[in-house]
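Inspection log for the structure reproduced underneath, given as structure tokens.
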There are 2 protein chains.
Amino acid sequence: MAGQNKISESAFTPLVFYKALADDTRLQSLLLISEQGELCVCDLMAALQQSQPKISRHLAQLRKSGILLDRRQGQWVYYSLHPQLPDWARQVLALTAEQNPDYAARARQYVTTHCC
Amino acid sequence: MAGQNKISESAFTPLVFYKALADDTRLQSLLLISEQGELCVCDLMAALQQSQPKISRHLAQLRKSGILLDRRQGQWVYYSLHPQLPDWARQVLALTAEQNPDYAARARQYVTTHCC
DNA sequence: TCCATATATATGGTATATCGTATATTCAAG
DNA sequence: CTTGAATATACGATATACCATATATATGGA
């Protein structure tokens, strides 16, 4: 699945985007990825203290919505914002992260060190 | 219920905000209100072509989340962005409306004329 | 080839959201 | 104080979302 870099799986609308943000795991993952540029599944597992299937499932959903891009490097899969993600969506994520330093603050601590 | 102008019904977090945007009726209502400043229930019924209980229910949810403020004037209830809505949230709405002119375009047509 | 690690997905149960319909509330006018 | 218009809410039924568990896939190294 990684590396196919599919584009325009369907219409990327504001509604699709905000539905993707309407879950704690997905929102925190996106804000962290938006800040850090790229994170792998195990980074997010450690940061958010959630199970592997849970993280993976939500990342898959974000990938299928066209928000994230996955890149496999060896055994690891790294996720970053999709290059074709509209600028307004990128700005929304950046704005949200900047203006809400407390939200996802605990997660940010764990991100500094790589887990695996 | 109108006119109580309650504040801080609970923590207003990014997650609460984006959950509120994760529904077509609520998102379109918010973008229209963000553009127009203030709209009443029947304006939104006409704009979105949805039933009265449906519109009313979603507006109530937005009010309870602290996103909208309601103001009764005679038989009509007008909704606007809550004065205490954080600036970043306001910017998100404005940005989304500006950068997605097509979304909610049909609704915008109907808004020009008042319904009742 | 066999094993361990990282990641993905399938499945079924549970919780949450949304809806249509019916009913209640509020206000203005008579 | 009744009536009609605008809005709000209650109630079931249905749909959707989320989760934990189990299993599958892919990669690298022995």
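Below, chain A is the first sequence line, B the second, and so on; all start at residue 1. Hydrogens, waters and symmetry mates play no part in the numbers below; they use all other heavy atoms, side chains included.
One finds the OG atom of A/S29 at 11.0 Å from the CG atom of A/L21 (value rounded to the nearest 0.5 Å). Distance check, rounded to the nearest 0.5 Å: OG of A/S80 to CD1 of A/I67 gives 13.0 Å.
As a whole-Å value, the separation of B/M45 CE from D/dA5 C1' is 11 Å. Distance A/L39 CG to C/dA6 P: 16 Å, rounded to the nearest Å. When rounded to the nearest whole Å, the span between NZ of A/K64 and P of C/dA8 equals 10 Å. Summarising the geometry, the separation between CG on A/L62 and P on C/dT7 is reported as 16 Å, rounded to the nearest angstrom. Following rounding to the nearest Å, B/K19 (NZ) and C/dT18 (C1') show an atom-to-atom distance of 15 Å. The interatomic distance linking B/Q50 (CD) with C/dC19 (P) rounds to 7 Å, in whole Å. The nearest whole Å value for the distance from the CG atom in B/D70 to the P atom in C/dT26 is 13 Å. For the pair B/L68 CG and D/dT7 C1', the computed distance is 15 Å after rounding to whole Å.
Close to C/dA8, at under 4.0 Å from its OP1 or OP2, lies a side-chain N or O of A/Y79. At C/dT7, none of the side-chain N or O atoms of A/R71 fall inside 4.0 Å of OP1 or OP2 (strictly under the cut-off). Between D/dT7 and B/R63, no contact under 4.0 Å exists linking OP1 or OP2 to a side-chain N or O. For A/R72 and C/dA6, the shortest distance from a side-chain N or O to OP1 or OP2 is not below 4.0 Å.
Not a single side-chain hydrogen bond (donor to acceptor under 3.5 Å, both in side chains) links A/Y79 to another residue, sequence neighbours left out.
Along DNA chain D, the nucleotide nearest to A/Q73 and the one nearest to A/R26 differ in position, and the one closer to the 5' end is contacted by A/R26.
Within the 3.5 Å criterion, the main-chain N or O of B/K19 finds a donor-acceptor partner in the side chain of B/R26. A/R72 places a side-chain N or O within donor-acceptor distance of the main-chain N or O of A/G74, the cut-off being under 3.5 Å.
A/Y18 pairs with exactly one of B/F17, B/Y18, B/Y103 by the ring pair (Phe, Tyr, Trp, His ring centres under 6.0 Å) rule, that one being B/Y18.
For C/dT5, the base has a donor-acceptor partner in the side chain of A/Q75 [N/O atoms by modelled type, under 3.5 angstrom].
Between B/W88 and B/F12, the ring planes lie tilted relative to each other; the angle falls in the 30° to 60° range.
Within a heavy-atom distance below 4.0 Å of DNA chain D, the residues of residues 52-60 of chain A found are A/P53, A/K54, A/R57, A/H58.
Residue A/S51 places its side chain closer to D/dA20 than to any other of C/dT7, D/dA20, D/dC18.
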